Amino acid sequence: MSTAPDLHTTEIGDSGERVVFLHGLFGQGRNFTQVAKSLQPELRSTLVDLPNHGRSAWTGSVDYVDVADTVATWLRTAYDGEPVHLVGHSMGGKVAMVLALRHPELVDRLVVVDISPAPSDGAGEFEHLLTSLTGLDLAAVGRRSDADEQLAAVIPDERVRGFLLQNLRSTDGGWHWQADLDLLLRELPSIAGFPEVEGTFDHPVLWMAGERSGYVRPEHEERMRELFPRTFTVTVKGAGHWVHSEQPEAFVSALRVFLLAD
């Protein structure tokens with residue numbers, strides 16, 4: 001496990017080409033732990049906590065270009081500029097796309113999971129989740145189960161609550177959120193958007209969509225292929241937005257086929 005000035009990362013595996021995972025909103029690098037273990041021994045993985053999430057620093061703003069440049073600087077320093085395979089889900093997929101366009105020398109193959117290079121619908125859902133979390137009375141939380149009970153009325157899906165509550169941490173001073181929820185709520189329009197970025201990324205790209213998700217749509221394909229002309233599209237049956245957790249075997253299989261291809 002290593003810590004850079006801006007990013008917290010975890011290493012899994014010690015052989016093979018390197019895959020770097022970037023999580024989505026509310027996530028942490030450790031969300032990809034089981035996926036990374038399943039890629040061994042052919043591939044080694046780096047799990048990144050993006051800014052304002054997990055154990056990485058809070059920045060006071062959200063800007064995809066800034067975040068992509070931060071990750072690029074970390075990669076350049078940590079791995080001496082050697083290119084890596086880059087996998088990004090949702091918000092992390094947008095970071096990955098911007099990074100590949102701005103720093104193509106750092107990326108060998110790119111995997112974009114259930115997100116498009118376009119403004120995203122669904123901000124209302126995330127606003128509801130963020131508002132629910134910020135409204136949680138942490139002073140009344142003695143155990144994690146207390147937080148779960150508080151949220152049950154407004155977030156009825158137990159799986160979603162469990163995912164969100166991974167951000168809740170206990171210290172001697174009580175419970176606190178690792179993610180900067182106030183910032184993420186304030187910057188949600190920026191998170192839902194996608195910046196204007198020049199250039200193209202002329203390496204292989206796997207664009208993976210969940211069958212039951214609406215974040216990858218036919219009208220996005222033209223822009224995707226303008227920016228990433230060597231795009232291959234895969235739709236994962238039975239998966240919604242969180243493809244890697246809903247259909248992990250299919251997700252790992254697609255990664256293996258794409259990343260290990262000659």
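Bear in mind the structure is a predicted one, so any value in this text is a computation, not a measurement.
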Which is it for Lys94 and Ser120 under the side chain to side chain donor-acceptor pair (under 3.5 Å) test, yes or no, and what are the steps along the way? CA-CA 10 Å; Lys94 291 186 177 183; Ser120 303; 2.8 Å; yes
Could you label the plane-to-plane angle of the Trp74 and Tyr79 rings as parallel, tilted or perpendicular, counting under 30° as parallel and over 60° as perpendicular? perpendicular
Using modelled atom types and a 3.5 Å cut-off, is there a donor and acceptor pairing between side-chain atoms of Asp108 and backbone atoms of Pro83? no
What heavy-atom pair brings Asp66 and Asp63 nearest, and what distance separates the two atoms? N-OD1, 2.9 Å
Are Val84 and Leu50 connected in the hydrophobic side-chain network, where two residues link if heavy atoms are under 4.5 Å apart? yes
Locate the shortest heavy-atom distance separating Ala72 from Leu106; write the atom from each residue and the value. O-CD1, 3.5 Å
For Glu249, does the CD atom sit with more than 12 other heavy atoms under 6.0 Å from it, leaving out its own atoms? no
Show your reasoning for whether side chain to side chain contact (heavy atoms under 4.5 Å, CB included) applies to Leu22 and Leu86. CA-CA 8 Å; Leu22 306 181; Leu86 190 60; 4.0 Å; yes
Judged by atom type as modelled, is there a donor-acceptor pair below 3.5 Å linking the side chain of Trp207 to the main-chain atoms of Ile115? yes
Partner residues of Phe228 under the ring-ring contact (aromatic ring centres under 6.0 Å, His included) criterion, sequence neighbours left out: none
From CA spacing to verdict: salt bridge (Lys or Arg N to Asp or Glu O under 4.0 Å), Asp49, Arg55: CA-CA 6 Å; Asp49 287 356; Arg55 298 184 184 183; 5.7 Å; no
Taking Gln150 for the side chain and Asp137 for the main chain, is one N or O donor matched with an acceptor at less than 3.5 Å? yes
Checking Asn167 against His53: is there a side-chain donor and acceptor pair closer than 3.5 Å? no
Phe126 with Leu151, same ILVMFWY side-chain cluster at under 4.5 Å: yes
Please determine whether the number of non-hydrogen atoms from other residues, nucleotides or ligands lying under 6.0 Å from atom CG of Asp14 exceeds 12. no
Which value, rounded to the nearest 0.5 Å, describes the distance between Thr171 atom OG1 and His176 atom NE2? 5.5 Å
More than 12 non-hydrogen atoms from neighbouring residues, nucleotides or ligands closer than 6.0 Å to CD on Glu222, yes or no? no
Do His23 and Asn31 have side-chain N/O donor and acceptor atoms under 3.5 Å apart? no
Would you check if the side chain of Glu211 reaches a backbone N or O of Ala239 as a donor-acceptor pair within less than 3.5 Å? no
Any donor and acceptor pair, going by atom type alone, linking the side chain of Thr59 with main-chain N or O of Pro51 inside 3.5 Å? no
Worked verdict on Arg102 versus Glu198 for salt bridge (Lys or Arg N to Asp or Glu O under 4.0 Å): CA-CA 8 Å; Arg102 289 175 58 83; Glu198 298 295 329; over 6 Å; no
Would you say the side chain of Asp182 lies within less than 4.5 Å of the side chain of Leu184, judging by non-hydrogen atoms? no
Examine Val87 and Val95 and state if one hydrophobic cluster contains both, with Ile, Leu, Val, Met, Phe, Trp and Tyr joined whenever side-chain heavy atoms are less than 4.5 Å apart. no
Going through the distances and angles, do Arg186 and Asp180 end up as a salt bridge (Lys or Arg N to Asp or Glu O under 4.0 Å)? CA-CA 10 Å; Arg186 185 172 70 247; Asp180 189 347; over 6 Å; no
Distance check, rounded to the nearest 0.5 Å: Glu127 atom CD versus Ile191 atom CD1? 11.5 Å
Can Val257 and Leu255 be said to form a side chain to side chain contact (heavy atoms under 4.5 Å, CB included), step by step? CA-CA 6 Å; Val257 169; Leu255 286 185; over 6 Å; no
If I compare all heavy atoms of Val197 with all of Arg223, which pair ends up nearest, and what's the gap? O-NH2, 3.9 Å
Parallel, tilted or perpendicular: which describes the rings of His89 and His244, with under 30° parallel and over 60° perpendicular? perpendicular
Report the C-alpha distance between Leu129 and Leu164 in whole Å, list the side-chain angles of each, state the deciding distance to 0.1 Å, and finish with yes or no for side chain to side chain contact (heavy atoms under 4.5 Å, CB included). CA-CA 9 Å; Leu129 296 177; Leu164 296 172; 4.0 Å; yes
Is the backbone N or O of Val243 less than 3.5 Å from a side-chain atom of Gln247, with the two atoms forming a donor-acceptor pair by type? no
Can any side-chain N or O of Gln28 pair as donor or acceptor with the backbone N or O of Gln166 at less than 3.5 Å? yes
Val154/His128 under side chain to side chain contact (heavy atoms under 4.5 Å, CB included): CA gap, chis, key distance, verdict: CA-CA 9 Å; Val154 290; His128 165 70; 4.2 Å; yes
Please determine whether residues Ile12 and Leu259 belong to a single hydrophobic cluster, defined as Ile, Leu, Val, Met, Phe, Trp and Tyr linked transitively by side-chain heavy-atom distances below 4.5 Å. yes
Show the nearest heavy-atom pair for residues Pro156 and Arg161, with the distance to one decimal. O-NH1, 3.0 Å
Around atom CD of Glu158, are there more than 12 heavy atoms from other residues, nucleotides or ligands closer than 6.0 Å? no
Is the closest side-chain heavy-atom distance between Leu165 and Leu168 below 4.5 Å? yes
Is a side-chain N or O of Tyr215 found less than 3.5 angstrom from the main chain of Ala209, in a donor-acceptor match? no
CG of Leu206 to OG1 of Thr231, rounded to nearest 0.5 Å, is 9.0 Å
Test salt bridge (Lys or Arg N to Asp or Glu O under 4.0 Å) on Arg76 and Glu82; report intermediate values, then the result. CA-CA 7 Å; Arg76 190 173 283 111; Glu82 287 294 319; over 6 Å; no
Does any part of the side chain of Val236, heavy atoms only, come nearer than 4.5 Å to the side chain of Met208, both counted from C-beta? yes
Would you mind reporting whether Arg159 and Glu246 have side-chain heavy atoms less than 4.5 Å apart? yes
Please name the pair of heavy atoms, one in Pro229 and one in Phe201, separated by the smallest distance, quoted to 0.1 Å. CD-O, 3.5 Å
Side chains of Arg169 and Arg144 in contact at under 4.5 Å (non-hydrogen atoms): yes
Looking only at side chains, do Glu17 and His85 share a donor and an acceptor under 3.5 Å apart? yes
Group every Ile, Leu, Val, Met, Phe, Trp and Tyr by side-chain heavy-atom contacts under 4.5 Å, then state whether Met97 and Leu25 land in the same group. yes
Will you find, in the side chains of Thr46 and Arg18, an N or O donor that is under 3.5 Å from an N or O acceptor? yes
With under 30° as parallel and over 60° as perpendicular, where do the rings of Phe163 and Phe26 fit, or are they tilted in between? perpendicular
Side-chain heavy-atom pair Trp177, Leu136 within 4.5 angstrom cut-off: yes
Arg256 with Glu42: basic N within carboxylate O range, under 4.0 Å: yes
Any non-hydrogen side-chain atom of Val62 less than 4.5 Å from a side-chain atom of Asn52? yes
Any Arg44 side-chain heavy atom under 4.5 Å of Val19 side chain: no
Closest non-hydrogen atom pair between Leu47 and Phe32, with its separation: CD2-CB, 4.0 Å
Check: Arg212 side chain, His241 main-chain N or O, donor-acceptor pair, under 3.5 Å: no
Would you confirm whether Thr200, through its side chain, and Leu227, through its main-chain N or O, come within 3.5 Å as a donor-acceptor pair? no
